[in-house]
Amino acid sequence: MKREACGSLRGKDAGRRVTLAGWVHRLRDLGGLTFVDLRDASGIVQLVFRDLPAARKLSREDVIRIQGSVARREAPNPDLPTGEVEVVVERLEVLSRSKPLPFPVDADEPRASEETRLRFRFLDLRREKMQRNLRLRHKVSLAIRNYLNGQGFIEVETPYLTRSTPEGARDFLVPARLEPGKFYALPQSPQLFKQTLVISGVERYFQIVRCFRDEDLRADRQPEFTQLDLEMGFLEDPDELFSVIEGLVAHIFREAIGVELDVPFPRIPYAEAMLRYGTDKPDLRFGMEIADLSDLFRDCDFRVFTGAVAEGGVVRALPVPGAAGKSRSELKKLEERAKGLSLGGLAWAKFTPEGVNSPIAKFTSEELLRKAAEEAGAGKGDLLLLAAGPAEAAAEALGTLRLELAHELGLIRENAWALAWITDFPLFKLDEEGRIASEHHPFTSPHPDDIPLLETEPLKVRARSYDLVIDGVEIASGSIRIHRRDLQERIFNLLGLSEQEARKKFGFLLRALEYGAPPHGGIAFGLDRLVMMLAGESSIREVIAFPKTASGTCLLTGAPAEVDPGQLAELPLEVKPD
RNA sequence: GGGGACGUGGUCUAGGCUGGACUAGGACACCGGAUUGUCACUCCGGAGAUCGCGGGUUCAAAUCCCGUCGUCCCCGCCA
């Protein structure tokens with residue numbers, strides 16, 4: 001008789017004889033009567049053993065096969081989809097025994113340390129929560145492939161054994177046996193290949209692809225991680241890409257978690273994001289927008305403010321709703337926190353029904369503080385935090401305080417799903433030595449309006465690059481690429497790269513650009529992070545079947561491990577003793 | 001590379017500041033017994049730990065100190 005799915009049985013199946021197989025989820029031995037909850041991938045159903053002593057010898061996670069007949073239950077269990085029925089067992093076959101478990105697999109929240117969970121990952125993944133996460137991830141991948149296929153994209157695989165690139169993260173290296181002394185590198189992303197594919201005539205490319213970066217780990221970073229990588233030919237206007245991606249993301253949310261997103265997503269230029277939220281990845285689930293009050297305080301009597309403005313700095317204000325009741329000691333703590341965030345200090349003003357309460361009122365006048373509150377959107381019962389200093393420092397510090405205070409005050413709505421595009425990033429930044437370097441990568445196209453500024457004011461040049469931010473997390477990043485040699489050369493010049501150096505570093509892509517490259521651009525999603533957010537998890541390890549620890553080891557397999565001396569000899573490679 | 005937290009039977013943890021009656025307590029799991037309507041079954045009984053490892057202080061260390069290993073979090077790093 002063919003095996004049926006445990007989770008599929010319903011009242012209408014009563015009377016049928018069935019064969020089931022699965023894991024012993026739970027066991028309730030009442031003597032002459034034993035209940036077993038049998039679990040397979042489809043769900044759980046209750047088995048009843050009457051006068052079958054073998055059932056009493058079962059234990060959790062044994063694998064069994066049974067034959068029996070489905071019966072309606074006198075007392076249905078409303079917590080189980082199969083709760084109307086049970087299967088009265090006639091024949092029991094034990095397929096495989098389980099040792100006692102290191103931790104229960106029938107709990108939604110893990111009842112073991114993460115270390116133990118990873119060592120016994122095959123058991124941890126049996127938990128319903130982990131099964132849900134694996135299925136959610138599958139749904140997301142499927143939704144991506146279905147949607148992009150419908151939009152004319154094709155998935156093309158690119159090499160995992162490739163060339164080391166000089167910039168970016170540290171590469172994982174793979175010794176090449178056939179070319180002793182030479183190495184492949186695992187790709188940090190398929191960036192050069194995807195641009196090449198578009199130049200090759202694949203006008204719409206995507207790939208769900210593993211990427212490798214040998215850098216230190218975090219809760220949201222693994223040495224190998226998955227990107228949804230995507231590139232479009234004849235793309236010159238980011239808006240075209242935005243609408244494709246908005247359709248895709250809306251489709252993913254609908255299919256994976258049944259949420260309807262509003263499209264289009266708001267677009268916020270980088271400079272505005274830095275000003276209003278103090279970060280390039282703003283959390284838009286709550287207000288508390290930062291206001292620039294430099295002009296307002298330019299001529300007041302508070303030297304800290306006027307001094308900052310006179311030196312080219314700013315005065316900015318963060319409204320904190322309902323926080324006018326904060327005590328002196330709490331405000332003192334905030335001040336200390338601000339000093340830890342590279343601010344000289346932090347001024348504050350409370351707006352209570354009785355009036356304005358602020359240590360700086362005597363310098364600035366209450367009138368001015370009232371105007372400040374009005375401009376910053378702070379009302380009665382609110383607190384206004386004021387920071388003065390260089391624009392970057394003030395922005396970053398207030399941005400950090402904005403997030404911390406919103407968490408503390410419980411202002412962040414769960415499941416709010418605030419998506420936004422951040423656009424017009426700067427094309428260049430200064431590196432540690434004060435030299436001009438690419439913010440994104442050297443193939444990013446400058447904003448057409450800013451091309452005349454390239455040589456004169458390079459740091460003011462905006463890029464045609466963009467990030468997609470969800471609830472304050474950067475989830476995707478991309479750009480329109482340079483497709484013309486002359487512009488590319490100008491950029492290399494600015495970066496201080498000679499023709500030869502550029503060829504050495506980016507070789508084949510440069511050659512491809514010389515043979516008729518269409519305008520193109522694309523984007524890459526951090527798939528693990530996206531799935532993590534959709535799953536409501538706070539670590540990507542919860543949505544990766546076999547993740548690595550913070551020190552890059554795999555507790556299941558013991559990787560990385562020493563290898564046989566013979567394997568090294570073949571490469572040939574020698575390990576230096578410490 | 002730097003900072004922080006944690007490490008106690010199979011698992012999760014109490015104890016740790018203030019060293020001594022800690023003979024290391026509890027829960028779950030496990031083993032034995034009872035149990036015919038349970039669904040986190042219940043009840044009775046039992047076994048199981050040199051407190052991550054190494055060193056030090058002390059009459060005495062799970063407890064204090066140093067080192068080391070492992071796990072987690074953060075900064076640097078991640079074009």
Side-chain angles (χ1 to χ4, degrees), chain A residues 25-39 44-52 55-57 59-61 71 73-80 82-83 85-86 88 98-120 123-124 165-172 188-189 191-192 211-225 340-342 400 425 427-429 431-432 436-444 463 465 474 477-479 495 497 505-506 524 526 529 538-539 541 547-553 555 558:
Chain A
H25 189 64
R26 280 187 196 129
L27 202 62
R28 291 176 294 280
D29 175 17
L30 275 63
L33 182 70
T34 301
F35 296 97
V36 165
D37 291 336
L38 187 68
R39 184 190 77 241
I44 290 172
V45 69
Q46 174 167 285
L47 309 179
V48 194
F49 295 82
R50 267 190 249 276
D51 303 315
L52 263 178
R56 309 181 63 181
K57 292 268 192 288
S59 50
R60 284 169 175 233
E61 297 306 301
R73 284 163 69 158
E74 280 173 35
N77 182 348
D79 298 332
L80 230 48
T82 60
V85 296
E86 60 193 4
V88 183
S98 170
K99 286 170 65 169
L101 302 171
F103 53 85
V105 302
D106 60 349
D108 210 36
E109 287 313 309
R111 302 244 182 95
S113 66
E114 193 171 359
E115 196 174 342
T116 308
R117 292 174 57 206
L118 289 176
R119 264 193 306 128
F120 291 89
L123 291 179
D124 191 40
T165 50
E167 305 201 355
R170 196 177 292 112
D171 283 319
F172 280 101
Q188 297 175 24
S189 88
Q191 181 64 34
L192 300 185
C211 303
F212 306 85
R213 294 180 189 173
D214 189 5
E215 295 293 345
D216 288 2
L217 279 61
R218 288 284 191 286
D220 60 353
R221 277 181 2 210
Q222 285 270 303
E224 51 179 311
F225 61 99
L341 294 167
S342 68
T400 304
F425 281 79
L427 186 63
F428 299 118
K429 63 180 175 194
D431 67 13
E432 308 83 52
I436 286 188
S438 289
E439 176 76 38
H440 191 56
H441 59 64
F443 304 105
T444 304
S465 65
E474 181 201 316
S477 182
S479 66
L495 293 170
L497 268 181
K505 288 188 171 188
F506 307 111
R529 278 188 201 175
S538 48
S539 162
R541 293 188 298 272
K548 303 214 168 22
T549 67
S551 50
T553 64
L555 295 180

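Residue contacts shown for A/Gln191 include a base, since a base heavy atom lies under 4.0 Å away. In this structure, A/Asp51 reaches the bases: a heavy-atom distance under 4.0 Å links it to at least one base atom across the strands shown. Among the protein residues, A/Glu115 comes within range of the sugar-phosphate backbone only, with heavy atoms under 4.0 Å from sugar or phosphate atoms but none that close to a base. When heavy atoms are screened at a 4.0 angstrom cut-off, A/Ala112 is found touching the sugar-phosphate backbone but no base atom. The residue A/Ser539 sits apart from the nucleic acid: no heavy atom pair falls under 4.0 Å.
In A/Arg111, the CZ atom is not crowded: 12 or fewer heavy atoms of neighbouring residues, nucleotides or ligands sit closer than 6.0 Å.
Residue order along RNA chain B, read from the 5' end via each residue's closest nucleotide, puts A/Ser113 first among A/Ser113 and A/Arg60. Between A/Gln188 and A/Asp220, the residue whose closest nucleotide on RNA chain B is further toward the 5' end is A/Asp220.
Across all strands shown, B/G37 forms no Watson-Crick or G-U wobble pair with both distances under 3.5 Å. B/C78 makes up no base pair with any nucleotide shown, lacking Watson-Crick or G-U wobble contacts both under 3.5 Å. Nucleotide B/A61 forms a pair with no other nucleotide shown, judged by Watson-Crick or G-U wobble geometry with both contacts under 3.5 Å. Using Watson-Crick or G-U wobble geometry with both donor-acceptor distances under 3.5 Å, B/A29 finds no partner in any strand shown. Under the Watson-Crick or G-U wobble criterion, with both distances below 3.5 Å, B/G48 is left unpaired in every strand shown. Figure legend. B/G70 is base-paired to B/C6; pairs are counted as Watson-Crick or G-U wobble with both atom distances under 3.5 Å. Base-pair partner of B/U23: not found among the strands shown (Watson-Crick or G-U wobble, both distances under 3.5 Å).
Checked against B/C78, B/C77, B/U71, the side chain of A/Asp216 finds its nearest nucleotide in B/C77. Among the nucleotides B/C78, B/U71, B/U11, the one closest to any side-chain atom of A/Pro102 is B/U11. Between B/C78, B/G37, B/C41, one nucleotide has an atom nearer to the side chain of A/Arg28 than all others, and that is B/C41. Side-chain proximity of A/Arg541 to the nucleotides B/A29, B/C73, B/U38 is greatest for B/C73. Of all nucleotides listed (B/C12, B/A40, B/C72), B/C12 comes nearest to the side chain of A/Thr116. With distances taken from any side-chain atom of A/Arg26 to the nucleotides B/C39, B/U38, B/U71, the minimum falls on B/C39. Of all nucleotides listed (B/U36, B/A29, B/U38), B/U38 comes nearest to the side chain of A/Glu86.
In summary, A/Asp37 and A/Arg28 engage in a salt bridge, as defined by a charged side-chain N under 4.0 Å from a carboxylate O. Taking a cutoff of 4.0 Å between a charged side-chain nitrogen and a carboxylate oxygen, A/Asp216 and A/Arg221 do not qualify as a salt bridge. One finds a salt bridge joining A/Arg170 and A/Glu215 here, because a Lys/Arg side-chain nitrogen approaches an Asp/Glu carboxylate oxygen to under 4.0 Å. A/Glu61 has no carboxylate O lying under 4.0 Å from a charged side-chain N of A/Arg26, or vice versa, which leaves the two without a salt bridge.
At whole-Å resolution of the value, NZ in A/Lys99 and P in B/C30 are 14 Å apart. Spacing between atom CZ of A/Arg218 and atom P of B/U71 amounts to 16 Å, rounded to whole angstrom units. The separation between A/Glu109 atom CD and B/U13 atom C1' is 17 Å, rounded to whole Å. Whole-Å rounding puts the A/Arg170 CZ to B/G76 P distance at 15 Å. When the C1' atom of B/G37 is taken as reference, atom CD of A/Glu74 falls 8 Å away, rounded to whole Å. Atom-to-atom, CD of A/Gln222 to P of B/C78 comes out at 19 Å; the value is rounded to the nearest Å. For the pair A/Arg73 CZ and B/C39 P, the computed distance is 11 Å after rounding to whole Å. In this structure, the CD atom of A/Glu61 is 15 Å from the C1' atom of B/U11, given to the nearest Å.
The base of B/C39 does not come close enough to the side chain of A/Asp37 for any donor and acceptor atom to sit less than 3.5 Å apart. The base of B/C77 is paired with the side chain of A/Arg221 by a donor and an acceptor separated by under 3.5 Å. If you check distances only, the side chain of A/Arg56 does reach the base of B/U35 with a donor-acceptor pair under 3.5 Å. A donor-acceptor contact under 3.5 Å is not formed by the side chain of A/Glu215 with the base of B/G76. The base of B/U11 is not paired with the side chain of A/Arg119 by any donor and acceptor separated by under 3.5 Å.
Comparing the P positions of B/G3 and B/U13 gives an interatomic distance of 26 Å, to the nearest angstrom. One C1' atom belongs to B/G10, the other to B/C59, and the distance between them is 37 Å to the nearest Å. For B/A49 and B/G26, the C1' atoms lie 14 Å apart once the distance is rounded to whole Å. Spacing between B/A27 and B/G70 at atom P, rounded to whole Å, works out to 35 Å. For B/C30 and B/C66, the C1' atoms lie 39 Å apart once the distance is rounded to whole Å. Between B/C12 and B/C75, the distance separating the two P atoms is 27 Å to the nearest Å.
Heavy-atom minimum distance, A/Thr82 versus A/Val45: OG1-CA, 3.5 Å. Of all heavy-atom pairs spanning A/Arg119 and A/Leu555, the tightest one is CG-O, 3.7 Å.
Applying the side-chain hydrogen bond (donor to acceptor under 3.5 Å, both in side chains) test to A/Asn77 and every residue at least two apart in sequence or in another chain returns nothing.
In this structure, A/Phe103 does not count as stacked on the base of B/U11 under the 5.5 Å centre distance and 30° plane angle limits.
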